[in-house]
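First the structure, in the form of structure tokens, and then the observations on it.
Because only heavy atoms are used, hydrogens play no part in the values below, and waters and symmetry mates are left out as well, while side chains stay in.
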Amino acid sequence: MTAEDVGARTVVHVAGEIDVSSADRLRERVAALVAEQRTDLVIDLTEVTFMDSTGLGLLVGTLKRVRTAGGRLVLVVDSERLLKVFRITGLVQVFTIRETLAEALAS
């Protein structure tokens, strides 16, 4: 996982699996960014190969944290398999999801 500033936004690139064994590291990193007032976040999930309910819960918690701080969160998801998880859970209505990083940064 890496984070980079792109203009006024912070892009968090996540790769691999987001599950019970890896979620804490991502949660801590995002919490630190929000604490630093970096609340205009884009989380790039294009390199994520698997996400379980722990990962979904982490993203919902992140959305709440960012909104409470007055910020916004955009997810980048290009995998149909991952998008299906967001559709089944109804989270496509909760999150702003874009297919590419360029689209997310433009939104």
Side-chain angles (χ1 to χ4, degrees):
M1 173 191 43
T2 61
E4 66 174 324
D5 290 329
V6 179
R9 304 183 90 175
T10 300
V11 179
V12 179
H13 300 277
V14 185
E17 298 182 354
I18 305 175
D19 57 17
V20 69
S21 65
S22 64
D24 285 342
R25 194 170 71 109
L26 179 56
R27 183 180 294 111
E28 290 167 6
R29 181 68 176 124
V30 171
L33 290 170
V34 173
E36 296 168 5
Q37 306 301 312
R38 293 162 74 184
T39 57
D40 194 351
L41 297 179
V42 175
I43 299 182
D44 181 355
L45 301 173
T46 57
E47 296 295 318
V48 170
T49 57
F50 173 80
M51 183 167 48
D52 67 7
S53 60
T54 303
L56 288 174
L58 176 146
L59 292 174
V60 170
T62 298
L63 179 62
K64 289 179 184 178
R65 178 178 281 126
V66 166
R67 284 186 176 165
T68 298
R72 63 185 174 148
L73 174 67
V74 179
L75 303 179
V76 181
V77 182
D78 66 350
S79 158
E80 186 56 40
R81 185 172 19 98
L82 208 53
L83 277 171
K84 186 175 181 179
V85 173
F86 284 93
R87 283 191 200 104
I88 289 170
T89 58
L91 291 174
V92 290
Q93 273 80 35
V94 175
F95 289 100
T96 301
I97 300 173
R98 299 290 181 255
E99 192 171 336
T100 68
L101 182 56
E103 289 175 41
L105 290 171
S107 66

Value for OG1 (Thr2) from CZ (Arg29), rounded to nearest 0.5 Å, stands at 9.0 Å
Decide side-chain contact (heavy atoms from CB on, under 4.5 Å) for Val77 and Phe95; before the verdict, give the C-alpha distance in whole Å, the side-chain angles of both, and the deciding distance to 0.1 Å. CA-CA 11 Å; Val77 182; Phe95 289 100; over 6 Å; no
task: Check the hydrophobic clustering (I, L, V, M, F, W, Y; side-chain heavy atoms under 4.5 Å; chains of links allowed) and say if Val20 and Leu56 are grouped together.
output: no
Taken to the nearest 0.5 Å, the spacing of Glu80 CD from Arg87 CZ works out to 4.5 Å
Do Leu33 and Val42 sit in one hydrophobic cluster, given that two such residues count as connected whenever their side-chain heavy atoms are within less than 4.5 Å of each other, even indirectly? no
Discussion item. Walk me through whether Val12 and Leu26 qualify under side-chain contact (heavy atoms from CB on, under 4.5 Å).
Written reply: CA-CA 9 Å; Val12 179; Leu26 179 56; 4.1 Å; yes
Nearest heavy-atom approach of Asp19 to Phe50 is CB-CE2, 4.1 Å
Rounding to 0.5 Å, atoms OG1 (Thr96) and CG (Leu73) come to a distance of 7.5 Å
* Asked: Going only through I, L, V, M, F, W and Y residues with side-chain contacts under 4.5 Å, is there a path from Val6 to Val14?
  -> no
From the list Val76, Leu59, Leu58, side-chain contact (heavy atoms from CB on, under 4.5 Å) with Ile43 holds only for Leu59
Check the hydrophobic clustering (I, L, V, M, F, W, Y; side-chain heavy atoms under 4.5 Å; chains of links allowed) and say if Val11 and Val48 are grouped together. no
Rounding to 0.5 Å, atoms OG1 (Thr89) and NZ (Lys84) come to a distance of 12.5 Å
Residues at least two apart in sequence or cross-chain that pass side chain to side chain donor-acceptor pair (under 3.5 Å) with Arg25, listed by chain then number, are none
When rounded to the nearest 0.5 Å, the distance separating CD1 of Ile97 from CG of Leu45 is 8.5 Å
Hey, is the main chain of Glu4 close enough, under 3.5 Å, to the side chain of Thr10 for a donor-acceptor pair?
no
Side chains of residues 99-107: which donor-acceptor partners sit under 3.5 Å, not counting sequence neighbours?
unit_1 : atom_1 : unit_2 : atom_2 : d
Thr100 : OG1    : Glu103 : N      : 3.0
Thr100 : OG1    : Glu103 : OE2    : 3.4
Ser107 : OG     : Ala104 : O      : 2.8

Separation between OG1 (Thr39) and CG (Leu41), nearest 0.5 Å, reads 7.0 Å
Applying the 4.5 Å side-chain criterion to the ILVMFWY set and letting contacts propagate, would Leu91 and Val74 be lumped into a single cluster?
-> no
Donor-acceptor under 3.5 Å (Ser22 side chain, Glu17 main chain) = yes
So salt bridge (charged side-chain N to carboxylate O under 4.0 Å, His left out) across residues 56-78, not counting sequence neighbours, yields Asp40-Arg72
